[in-house]
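Below, each value reflects all heavy atoms present in this structure, side chains not excepted, and no hydrogens, waters or symmetry copies.
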Amino acid sequence: MNLRPDTNKRNPWFIEYWEHHFKCKYPGSLWTPLNEEYNSTCTGKERVDESNGFELEAQLQFVSDGVLAFAYAARNMHRDLCGGRFGLCPAMDPIDGNTFRRYLLDVSFKSMNGQDFQFLPNGDGPSRYRILNFRQTSPGEYEWATIGFFRDGNLTISSPPIFRIDQPLHPRSVCSRPCTNIQAIIGHDPCCWTCKDCSTFEYLPTRNACIACPMGTIAALDKSFCVLIPQKYLRYNDGISVSAMGLSSLGIIITVWVAIVFYRHRETPVVKASGRELSFVLLGGIFMCYSMTFVLVSKPMTLTCGAQKIGIGLCFSVCYAAILTKTNRISRIFQAGRRTTKRPKFISPESQLVICGALVACQTVISLIWILISPPEAVPYYSNRADHQLVCSSAIGSTYMIGFSYPICLVVICTIYAVLTRKIPEAFNESKYIGFTMYTTCVIWLAFVAIYFSTAHNIEIRIATMCFSISLSATVTLACMFTPKVHIIIFHPERNIRQSMMVPRPAFGKQNSSCVRVDSGTQSDDYELTHRLNSSGSFCSAYSHNSSATQTFTYSNGNSISTQTLDSMDREFDLDDVEL
């Protein structure tokens, strides 16, 4: 307390402390970020004491007590051994450490703070402690507060300790609290441990570890064992299943009705000209497509999984094999008509059924090989930890595309044929309707493939999408291929006659040679062909009554066909061989 800046030269920071304590700038001191704010000048005569805010560091008491203890011990030893003489006597030169320790433990004096000082018998200093409480005084504000003292084995508390503003009582001083039934003990200390909550998918076989439940299971409420997660699969009462089956049921009803109409009018020109046998095959394939919905939404079992493997490809193969046979027959007839007058092979109804059956047999072989290599079975599937689906093994990944690969090839080939036959006279074929059917089907299948691969995590949505795609493809085929014919049969029976199905032959005079230009405005009955072919065309003929003459019909688009082909389709091929 007697230190001054002019006398305390050994401490280079003392002047800075002096300026900070008295809030003034000492003459000649260096600039600091603190003293630049002080406007007054220090005199150097200020006095450091408690009146101007000086507070002695409490721990300095132990330093002064230690120095005084050594001083009193040395004085007492010098007095007893040297008899009060100045300086060290021979008895203290050198000083014996054990003797000095005995005098040190025996000292007793009043310390600078006015308290008695004396070592304890075991050599410890006097047991005097301040009890400090680090506590919160207000939100964000904390302080150390003296709340009591411990002196000579006596504890005195002047104010109770505060641990938290909202929890003033002392926390329990015990071992770690017991874990609840759903927590594991982490650590091996007998008194201290940490409790860990097990996750939803972990159970507690012992108290020291959380063990993951097997896939498809979840921990019970008490975490003592795992329980099975209910399996999910499409059920008949699910909303999406009801919608799919409703669409399929409506399609089946319409398909059966169309089949009945065709069967009752099977001897009429419209039905015959449509390729009667292939039409019934096509209706059968459409019926199978609609029926597949009920197989797909059934509970996955070995039987239903096997039916799905066979059915998803077979129903499409029947439909597109029939359409491919139709378009191939049309193409071959008119291609042959441009080159020769000879009847093309394999265009009879029996031949068409054999060709269609052979195409369908390829799909059957693929399905049988698929089943032999990968037998159908119902297996659990987990898209995530909380998922448990019951699915057919083929529904996982892209396996179902094996069944769709062959029908996709048929669709591509049918589309190519539809493009190639698009300019054939409308009176002889269904190319316009077949083309629209295949173009629409391609769009549906492209969308289906994209959705199929994007729903790998949810088999239910994948199966439902497959149901709607199959039914939609069947609906497009049914509407495009049969609506025009049913419309004629039901609403325009007067057009259901042989003359409206065939292109009439133009009348030519005997033993003459002529080239006739037919314009769209011609009203002659002899040239009814103008109402069935393009708006403008020409027949050039060298017709002989006694010989088979060959004429050439040229469309306005530049295509041509021999009239002998047209004639032979009416005379030689019969009505059953002619496509509407």
Side-chain angles (χ1 to χ4, degrees), residues 215-216 228-253 255-256 284-320 360-383 387-408 445 448-449 451-453 455-475:
M215 293 295 290
L228 190 69
I229 299 175
Q231 287 183 325
K232 296 188 301 181
Y233 54 87
L234 282 176
R235 290 175 169 82
Y236 290 122
N237 58 352
D238 291 342
I240 196 167
S241 298
V242 172
S243 301
M245 290 188 297
L247 177 61
S248 298
S249 299
L250 180 62
I252 288 175
I253 293 173
T255 302
V256 172
I286 295 173
F287 182 87
M288 291 173 60
C289 288
Y290 286 124
S291 301
M292 276 304 301
T293 295
F294 298 92
V295 178
L296 291 170
V297 300
S298 300
K299 180 179 180 179
M301 297 181 295
T302 301
L303 180 62
T304 55
C305 291
Q308 290 180 18
K309 277 192 170 185
I310 296 176
I312 57 174
L314 184 61
C315 63
F316 280 125
S317 296
V318 173
C319 292
Y320 300 127
V360 175
C362 293
Q363 175 64 37
T364 305
V365 171
I366 293 174
S367 299
L368 292 177
I369 295 175
W370 184 18
I371 288 178
L372 291 176
I373 295 176
S374 176
E377 60 177 337
V379 297
Y381 174 73
Y382 318 102
S383 61
D387 188 31
H388 188 193
Q389 302 182 55
L390 180 64
V391 301
C392 293
S393 57
S394 301
I396 301 174
S398 57
T399 311
Y400 267 141
M401 296 309 296
I402 296 176
F404 288 125
S405 57
Y406 182 71
I408 290 176
W445 277 66
F448 165 72
V449 170
I451 296 175
Y452 181 87
F453 284 104
T455 55
H457 63 285
N458 194 324
I459 305 300
E460 294 182 51
I461 300 299
R462 171 177 282 190
I463 295 299
T465 303
M466 192 182 304
C467 293
F468 285 109
S469 298
I470 293 175
S471 297
L472 189 58
S473 297
T475 301

With a cut-off of 3.5 Å and sequence neighbours excluded, list every side-chain donor-acceptor pair involving residues 366-380.
from: Ser367; atom 1: OG; to: Gln363; atom 2: O; distance (Å): 3.1
from: Ser367; atom 1: OG; to: Gln363; atom 2: NE2; distance (Å): 3.2
from: Ser374; atom 1: OG; to: Lys309; atom 2: NZ; distance (Å): 3.3

Item to check | For the student: nearest non-hydrogen atoms of Gln389 and Glu460, plus distance | outcome: OE1-N, 3.7 Å
Item to check | From CA spacing to verdict: side chain to side chain contact (heavy atoms under 4.5 Å, CB included), Thr293, Leu247 | outcome: CA-CA 9 Å; Thr293 295; Leu247 177 61; over 6 Å; no
Checklist outcome for this item: Output for pair (Leu390 CG, Met301 CE), nearest 0.5 Å, gives 9.5 Å
Next on the checklist: Can you tell me how far apart OG (Ser291) and CD1 (Ile252) are? Round to the nearest 0.5 Å.
Outcome noted: 4.0 Å
Checklist entry - Using the ring of each side chain (for Trp, its six-membered ring), is Trp445 parallel, tilted or perpendicular to Phe448, with breaks at 30° and 60°? => result perpendicular
Checklist entry - Hey, is the main chain of Leu234 close enough, under 3.5 Å, to the side chain of Asp238 for a donor-acceptor pair? => result no
Next on the checklist: If you compare the SG positions of Cys315 and Cys289, is the separation below 2.5 angstrom?
Outcome noted: no
Next on the checklist: I need the Cys467 SG to Phe294 CZ distance, nearest 0.5 Å.
Outcome noted: 9.5 Å
Checklist entry - Would you find a donor on one side and an acceptor on the other, under 3.5 Å apart, between the side chain of Ser471 and the backbone of Phe468? => result no
Item to check | Euclidean distance, Tyr290 OH relative to Ser473 OG, rounded to 0.5 Å | outcome: 9.5 Å
Checklist entry - Atom OG of Ser317 and atom CD1 of Ile310: how far apart are they, to the nearest 0.5 Å? => result 12.0 Å
Item to check | Side-chain donor/acceptor of Ser241 to backbone N/O of Asn237, under 3.5 Å | outcome: no
Next on the checklist: Using side-chain hydrogen bond (donor to acceptor under 3.5 Å, both in side chains), reason through Tyr236 and Ser298 one step at a time and then give a plain yes or no.
Outcome noted: CA-CA 7 Å; Tyr236 290 122; Ser298 300; 2.6 Å; yes
Item to check | Phe404, CZ: over 12 other non-hydrogen atoms inside 6.0 angstrom | outcome: yes
Next on the checklist: With a sphere of 6.0 Å drawn around CG of Leu303, does it hold more than 12 non-hydrogen atoms of other residues, nucleotides or ligands?
Outcome noted: no
Item to check | Between CD1 on residue Ile312 and CD on residue Gln308, distance to nearest 0.5 Å | outcome: 7.5 Å
Checklist entry - Within the side chain of Tyr320, is there an N or O that forms a donor-acceptor pair under 3.5 Å with the backbone of Ile408? => result no
Checklist entry - With a 4.5 Å heavy-atom cut-off, do His388 and Tyr382 have their side chains touching? => result yes
Next on the checklist: If you define the side chain from C-beta out and look only at heavy atoms, does anything of Val391 sit under 4.5 Å from Tyr233?
Outcome noted: no
Checklist entry - Side chain of Thr304, backbone of Lys299: donor and acceptor closer than 3.5 Å? => result yes
